[in-house]
Amino acid sequence: MRDIIRMIVVLAVLGALSGGGLALVRSETSEKIEFQQLKFVKGPAIQEIMEGCTNDPLVDRFKIKDGEVERSFFVGVFDGKANNVCYEAEGKGFGGEIGLMVGVNLETDELLGMGVTTHSETPGLGARAKDDPSFRVQFKGMSLNQPFKIMTDGGKVDAVSGATITSKGVCAGLTKSAEFYKELKPQIIEKAAAFAN
Amino acid sequence: MSDVTLAQDFTKGLWKEIPPFRLVLGLCPTLAVTKAFETGFGMGLALTFVLVCSNVLVSAGRKMIPAKVRVPCFIIIIATFVVIVELVMQAYTYPLFLKLGIFIPLIVVNCIVLGRAEAFAYKNGIGASIADGLGMGIGFTISLSVLGSIREIFGAGTFLGKAIFGASFQPFTFMVEAPGAFVCLGLMLGVMNLIGSE
């Protein structure tokens, strides 16, 4: 009996110390990690979507509180008008969460572009949603007012071959993101206008 | 603890028991991340950090950790340091973190780390455990760096991403693919045995 109690105590104390230590390290590094991700993963995606803009979308950004979560928006200025924003969305793929960067035109609600940022899909199959440009370019010009669906579900999106679940996850993520986009749209327009020149 | 044995604990990891060649442990990262010098070296440093830290804690707590649950305890300690390494790499060396990918979290189940905790740190004092961890870690870093350099130089014709041969050089791409890793590892083991047998 004493043995068992000792084991429980040792394991519990170790686990608690480990959890506490990790929470500390995480809170210390989270800001830097966010910055690094912005620079190396999200940055290139945003720059591709916002190609031709006259400002730096990575600098011209703002945050809006959506219930519990805080969402980042990156503003793209075209022809002197701050009429495009990029925001992040998540879809559920085959290997977990898929991070998406969505660029949208505030006047027409049409997609300016889309990019996959973080994912854990299978290399060579689902990962092609990120690596193969032909998948992401087809979203350009599609409207956020209609649900995104792959062709076998009666939609317009040509799925990545061999990666139906990934493609569906991306579509579902985009469709879901339209909900909070519409809800926050008045605030987005108001805040984005400040970046026009 | 005399200085002689401390030095022995340290140097045995550099040649006599150099991982992964002599122990032939931890082959998964050895084969997977040695496509280039940079990734091999980075992986070696990450493993050295985890190894030294886990050795210290295991050694310090060896009288308190009950023998029956020692492996779960080791895993908790190792996993904690691996997550720390992962977070720090994300914060400061993000491109390297992207290249190493899944192999950083996999250090948790790396045989070298668990093996040293079980075979050495659980039975020896803190000083000796630090020496052992440092020696093994540096040995592993050297091995992976050498393997990575050979594969990068012959397989891609570059070193640290810069071309070192003229334009006429045809890269031996077999070397940067998985079978090339096995062949390269085997040849290096053979050469080491040849040197050792004399």
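Numbered from 1 within each chain, the chains take letters A, B, ... in sequence-line order.
Neither the backbone nor the side chain of A:Glu31 comes within less than 4.5 Å of any heavy atom in chain B. Contact annotation for B:Leu98: only side-chain heavy atoms (C-beta onward) come within less than 4.5 Å of a heavy atom of chain A. Using a 4.5 Å cut-off between heavy atoms, B:Ile77 touches chain A through its side chain atoms alone. Contact annotation for B:Tyr92: both backbone and side-chain heavy atoms come within less than 4.5 Å of a heavy atom of chain A.
Against chain B, no residue from residues 168-184 of chain A qualifies, as none has a non-hydrogen atom under 4.5 angstrom away.
Rounded to the nearest 0.5 Å, atoms OG1 (B:Thr93) and CD (A:Gln36) are 7.5 Å apart.
No other option in B:Leu87, B:Val83, B:Ile84 has as many heavy-atom pairs under 4.5 Å with chain A as B:Leu87.
By the side-chain contact (heavy atoms from CB on, under 4.5 Å) test, A:Ser18 pairs with A:Leu22, B:Ile76, B:Thr80, sequence neighbours left out. With sequence neighbours excluded, the residues that form a side-chain contact (heavy atoms from CB on, under 4.5 Å) with B:Val109 are B:Leu106. Under the side-chain contact (heavy atoms from CB on, under 4.5 Å) criterion, A:Glu121 pairs with A:Phe94, A:Ile98, A:His119, A:Thr166, not counting sequence neighbours.
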- Query: Should A:Ile46 and A:Met101 be marked as a side-chain contact (heavy atoms from CB on, under 4.5 Å) after you check the CA-CA gap, both sets of side-chain angles, and the distance that decides it?
  - Reply: CA-CA 7 Å; A:Ile46 294 172; A:Met101 187 57 75; 3.8 Å; yes
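By the 6.0 Å contact criterion, CZ on B:Phe165 is enclosed, its count of non-hydrogen atoms from other residues, nucleotides or ligands being greater than 12.
The pair A:Lys42-A:Glu88 meets the salt-bridge criterion, with a side-chain N (NZ, NE, NH1 or NH2) lying under 4.0 Å from an Asp/Glu carboxylate O.
The aromatic ring centres of A:Tyr87 and A:Phe74 sit 6.0 Å or more apart.
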